[in-house]
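The shown structure was predicted, so the numbers you read here are calculated from the model rather than taken from an experiment. Residue numbers start from 1 in every chain, and the chains themselves are labelled A, B, ... in the order their sequence lines are given, proteins ahead of strands.
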2 protein chains.
Amino acid sequence: MSFGDYIRQARLARQQTDKGYSLRQVAGRVGVEPAYLSKIERDVFPPPSEQMIVNLAADLGEDPDVLLALAGKLSSELREIIVRRPQLFAELIRQLKDAPDHAILRMVREVTDGDW
Amino acid sequence: MSFGDYIRQARLARQQTDKGYSLRQVAGRVGVEPAYLSKIERDVFPPPSEQMIVNLAADLGEDPDVLLALAGKLSSELREIIVRRPQLFAELIRQLKDAPDHAILRMVREVTDGDW
DNA sequence: TCATTTGTGTAGTGTTTAGTACACACTACA
DNA sequence: TGTAGTGTGTACTAAACACTACACAAATGA
């Protein structure tokens, strides 16, 4: 699914139960022109800036990492973490490229348990 | 150390023993104008494109991930891996933000040993 | 029925990115 | 002593990015 499709669906879903989710109102809260959001929802324009994606995620109650990923972007927050220790993270990520989801999840839990 | 400083030093180090590492020759092999490389080495211009950084790394025998990191960038290769499974990787990376190096290294080895 | 609200088409714009082109002065060296 | 190679200053630019401004037709709803 494209970025545009995704946010249009998310918005329409909200609009079912909440009148405040017209394209114009969302655009207003997010801080852009309605015509611009319209084009983005229909993939006439490419996905917007990281800031606008984050704002959209907050307004629509979606996961910003997922929305950014649909836009082919990575949050600057995560980029900065990696860039601080490029070799370490580069190797880890390459190793995990083809690992199954559960293997990665297990790592997350290992670290959560803080056993270092 | 800045990106410019770093590549200038790397180039000058090579130039000690190899005449083929003048600014002009490196620029030629990498595929840019000498004046441009000159400005980059002195941080008059911001770091160049990912492609040029990768070419520079290859020519100077440096680690492309490190060079990209000095430029504040992440290779599109790594970005794509993350973007394929954004939630999983986002959580892992955030968890590892403040983990000590050896903890991350241990993870790398765990995956290398392929115990999933 | 008429004012409001809705989404959308067309056109234009400021900023950033990622460079090029050319001339110049200095140094090495044959 | 000239010519080949060195790095650098100034000026310019093409393309991509991230939007805005305004007008318009269709639907809604009091």
OP1 or OP2 of D:dG7 less than 4.0 angstrom from a side-chain nitrogen or oxygen of B:S22, does that happen here? yes
With A:Q87 as partner, the option from B:D101, B:D65, B:D63 fulfilling side-chain hydrogen bond (donor to acceptor under 3.5 Å, both in side chains) is B:D63
When B:R24 and A:E33 are each assigned the nearest nucleotide of DNA chain D, the 5'-most assignment goes to B:R24
Across all chains, not counting sequence neighbours, the ring-ring contact (aromatic ring centres under 6.0 Å, His included) partners of A:Y36 are A:F45
Residues in residues 45-71 of chain B with a heavy atom under 4.0 Å of DNA chain C, by number, are B:F45, B:S49
Review point. At under 4.0 Å, does any side-chain N or O of B:R42 touch on OP1 or OP2 of D:dG9?
Key: yes
Review point. Does the ring of A:Y21 carry A:R29 above it, NZ/CZ under 6.0 angstrom from centre and within 45° of its axis?
Key: yes
B:L23 atom CG is separated from D:dT8 atom P, nearest whole Å, by 6 Å
*Using a cut-off of less than 4.0 Å, is there contact between a side-chain N or O of B:R11 and OP1 or OP2 of D:dT6?*
no
When rounded to whole Å, the NZ to P distance for the pair A:K19 and D:dG29 reads 7 Å
In Watson-Crick or G-U wobble terms, with both distances under 3.5 Å, the base opposite D:dG7 is C:dC24
Atom CD1 of A:I40 and atom C1' of D:dT20 are separated, to the nearest Å, by 12 Å
CD (A:E50) and CG (A:L68) are apart, to the nearest 0.5 Å, by 5.5 Å
